[in-house]
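The block underneath contains the structure these notes are about, expressed in structure tokens.
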Amino acid sequence: MRKILFEGLAHGPLTEQAPAPDEIGLAELVRSVDRAARARLGRSLSIRHVDAGSCNGCELEIHALSNAFYDLERFGLRFVASPRHADLLTVTGPVTKNMREALLRTYNAMPDPKWVIAIGACAVDGGIFAGSYAVEGGVKDLVPVDLTITGCPPNPRQLLAGLLALLQNAA
Ligand code: SF4
């Protein structure tokens, strides 16, 4: 135990340093998303996420939006537990037969106006899982999709850019 403590003191933390916001232009991108949400909704954006059958690779990138690097919540954008509080539904993975009902119920429980973003190649058309006996298809086969963010998986910056594009172009 003592050896581990000394090693920790000698080497310092192994985590990466967070980049300065100005250095990567990230803060401006997130602020733009928040401004667009307030212009569109009169308040910040609430997001409900459904994993319809993904490998969880896309979820790791979505979770990163809440970590110390991206810290989405400092701008008021947040993931909510109930679809009744959500403006935006994000969906990952192919829609599996087991998750079909949950996805439909979540979508139907959301108040208008509401938007849907399909995140990742699997959400577009089933991706590498297309044709599986367990898969219904892409998200658009079940609910109307307003925006698709492709990639396997898309990174957090692509997710933020997608959010911004949706808010700026939403009817
Ligand atoms: S798009 Fe890639 S990372 Fe996302 S659920 Fe499909 S296989 Fe996984």
Side-chain angles (χ1 to χ4, degrees), residues 14-19 24-27 29-30 32-34 36-37 44-75 77-110 114-170:
L14 295 176
T15 52
E16 288 179 60
Q17 290 292 320
I24 58 174
L26 183 63
L29 180 57
V30 183
S32 299
V33 173
D34 187 40
S44 55
L45 189 72
S46 297
I47 306 164
R48 171 68 187 162
H49 178 66
V50 169
D51 172 352
S54 88
C55 73
N56 280 355
C58 286
E59 270 65 35
L60 289 174
E61 302 300 319
I62 292 170
H63 291 169
L65 291 172
S66 300
N67 72 16
F69 266 60
Y70 296 95
D71 197 11
L72 202 64
E73 294 207 2
R74 79 190 130 136
F75 297 102
L77 283 76
R78 64 190 195 283
F79 288 90
V80 293
S82 168
R84 297 189 195 286
H85 302 157
D87 311 298
L88 170 67
L89 175 63
T90 55
V91 189
T92 55
V95 182
T96 57
K97 293 189 189 301
N98 281 351
M99 285 301 291
R100 178 184 191 282
E101 185 67 26
L103 176 61
L104 289 174
R105 284 193 193 189
T106 301
Y107 178 78
N108 290 332
M110 289 171 63
K114 57 189 170 188
W115 301 291
V116 178
I117 300 184
I119 295 176
C122 294
V124 175
D125 58 5
I128 57 171
F129 303 107
S132 162
Y133 68 91
V135 166
E136 288 273 343
V139 178
K140 68 179 182 320
D141 299 324
L142 278 293
V143 295
V145 171
D146 299 285
L147 182 77
T148 296
I149 303 176
T150 54
C152 182
N155 63 40
R157 187 180 282 274
Q158 289 173 286
L159 297 176
L160 286 173
L163 280 176
L164 183 59
L166 176 78
L167 289 166
Q168 287 179 335
N169 298 312

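Whatever order the structure lists them in is the order used to number ligands and atoms, beginning at 1.
The minimum heavy-atom distance linking Ala68 with Asp71 is given by the pair O-CB, 4.3 Å.
Without hydrogens or angle criteria, Asn108 side chain to Arg105 main chain gives no donor-acceptor distance under 3.5 Å.
Here Asn98 pairs with Thr96 under the side-chain contact (heavy atoms from CB on, under 4.5 Å) rule; sequence neighbours left out.
Annotation: salt bridge (charged side-chain N to carboxylate O under 4.0 Å, His left out) contacts involving residues 78-87, sequence neighbours excluded, comprise Arg43-Asp87. Contacts classified as side-chain hydrogen bond (donor to acceptor under 3.5 Å, both in side chains) and involving residues 124-133 (residues at least two apart or in different chains) are not found.
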| Verdict with reasoning, Glu136 to Asp141, per side-chain contact (heavy atoms from CB on, under 4.5 Å) | CA-CA 8 Å; Glu136 288 273 343; Asp141 299 324; over 6 Å; no
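By the criterion of a separation under 2.8 Å, the protein N/O/S atoms near atom 2 (Fe) of ligand 1 amount to Cys152 SG.
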